Asks: 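First, the structure itself, so that you have it in front of you.
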Amino acid sequence: DPGAEEKMREYYRKEYRPGPSVQNLFTGQRKLHYHAHFLAELFKQWRKDGVDPEVFEVGEAIGMFLNMMKTTFPKASVSGSELTLSFRRVCHHEYGIDLSEEFDDSRKYDLIASYKVLEHQAFPDRELKRYAAALKPGGFLYISVPTWFHTMSNFGMDGFTMDYYYDKNHINVWTRQLFETLLAKCGLEVVKSNYVF
């Protein structure tokens, strides 16, 4: 179906999730602690080298990650994409960051973030190649995807449900080896990973 990808995008624009709530702030704040910890060495190196990073986040949600980047590096250039209109509006009004619907591959970035997004994209290899091509020399792709086939954990939720793991919203899921092979196929190399949280 030639229109399938656009139908999927329309679903993500309007039906995928309800408008932002306090739950988004709660989970977003928890994720910011993880991001800051995982990226601490990179941030330290950027400060040492005097880098004012160019950062793009794919699937930015309500803007918390890009706001963290602007707070951490006030001269950083930040931009991002998000399909959900209500989330883009919150990002604009809360953080003054205007998000687009599309990844801007006309620019080069020090960091491209894609946190829990690739599993929703119809052509993950195509997107990864675009990200790789848009990185500056020495730039990084910071990415998180589900690699659930090697272990089934409930992420702190009560019980285990197949519906959570194999929801219709997740059109891709990988083993660790398969995902790392996909990254290599797209010209990317794993330089740091965390498969615990």
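Predicted model, so just to flag it, every value in this text is computed and none were measured.
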Asks: Can you name the salt bridge (charged side-chain N to carboxylate O under 4.0 Å, His left out) partners of R30, sequence neighbours left out?
Replies: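 Expected list: none.
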Asks: Which side-chain N or O atoms in residues 19-26 pair as donor and acceptor under 3.5 Å with protein atoms at least two apart or in another chain?
Replies:
| residue | atom | partner | partner atom | Å |
| --- | --- | --- | --- | --- |
| S21 | OG | Q23 | N | 3.2 |
| N24 | OD1 | S21 | N | 2.7 |

Asks: Sequence neighbours excluded, which residues qualify as side chain to side chain donor-acceptor pair (under 3.5 Å) partners of S81?
Replies: none
Asks: For residues 84-95, tabulate all N or O donor-acceptor pairs below 3.5 Å that involve a side-chain atom, not counting sequence neighbours.
Replies:
| residue | atom | partner | partner atom | Å |
| --- | --- | --- | --- | --- |
| T84 | OG1 | Y12 | O | 3.2 |
| T84 | OG1 | R17 | NE | 3.4 |
| T84 | OG1 | E82 | OE2 | 3.2 |
| R88 | NH1 | E82 | O | 3.1 |
| R88 | NH1 | L83 | O | 2.9 |
| R88 | NH1 | E101 | OE2 | 3.4 |
| H92 | ND1 | D98 | OD1 | 2.4 |

Asks: Which residues satisfy the salt bridge (charged side-chain N to carboxylate O under 4.0 Å, His left out) test with E102, sequence neighbours excluded?
Replies: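 Per chain and number, E102 pairs via salt bridge (charged side-chain N to carboxylate O under 4.0 Å, His left out) with R9.
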Asks: If the condition is ring-ring contact (aromatic ring centres under 6.0 Å, His included), which residues does F56 pass it with, not counting sequence neighbours?
Replies: F103, Y109
Asks: Who are the side chain to side chain contact (heavy atoms under 4.5 Å, CB included) partners of K108, not counting sequence neighbours?
Replies: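 By the side chain to side chain contact (heavy atoms under 4.5 Å, CB included) rule, K108 matches K136.
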Asks: Check salt bridge (charged side-chain N to carboxylate O under 4.0 Å, His left out) between E119 and all other residues, then give those that pass, not counting sequence neighbours.
Replies: none
Asks: Considering residues at least two apart in sequence or located in another chain, which fulfil the salt bridge (charged side-chain N to carboxylate O under 4.0 Å, His left out) criterion with D125?
Replies: K185
Asks: When the side chains of residues 61-71 are checked against the rest of the protein, which donor-acceptor pairs come out under 3.5 Å, sequence neighbours left out?
Replies:
| residue | atom | partner | partner atom | Å |
| --- | --- | --- | --- | --- |
| K70 | NZ | P74 | O | 3.2 |
| K70 | NZ | A76 | O | 3.2 |
| T71 | OG1 | N67 | O | 2.9 |

Asks: In chain order, what residues pass the ring-ring contact (aromatic ring centres under 6.0 Å, His included) check against F123, with sequence neighbours excluded?
Replies: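 For F123, no residue satisfies ring-ring contact (aromatic ring centres under 6.0 Å, His included) once neighbours in sequence are set aside.
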Asks: Let me check something: any side-chain donor-acceptor pairs from residues 44-52 under 3.5 Å, sequence neighbours excluded? List them with distances.
Replies:
| residue | atom | partner | partner atom | Å |
| --- | --- | --- | --- | --- |
| Q45 | NE2 | D49 | OD1 | 3.1 |
| Q45 | NE2 | D49 | OD2 | 3.0 |

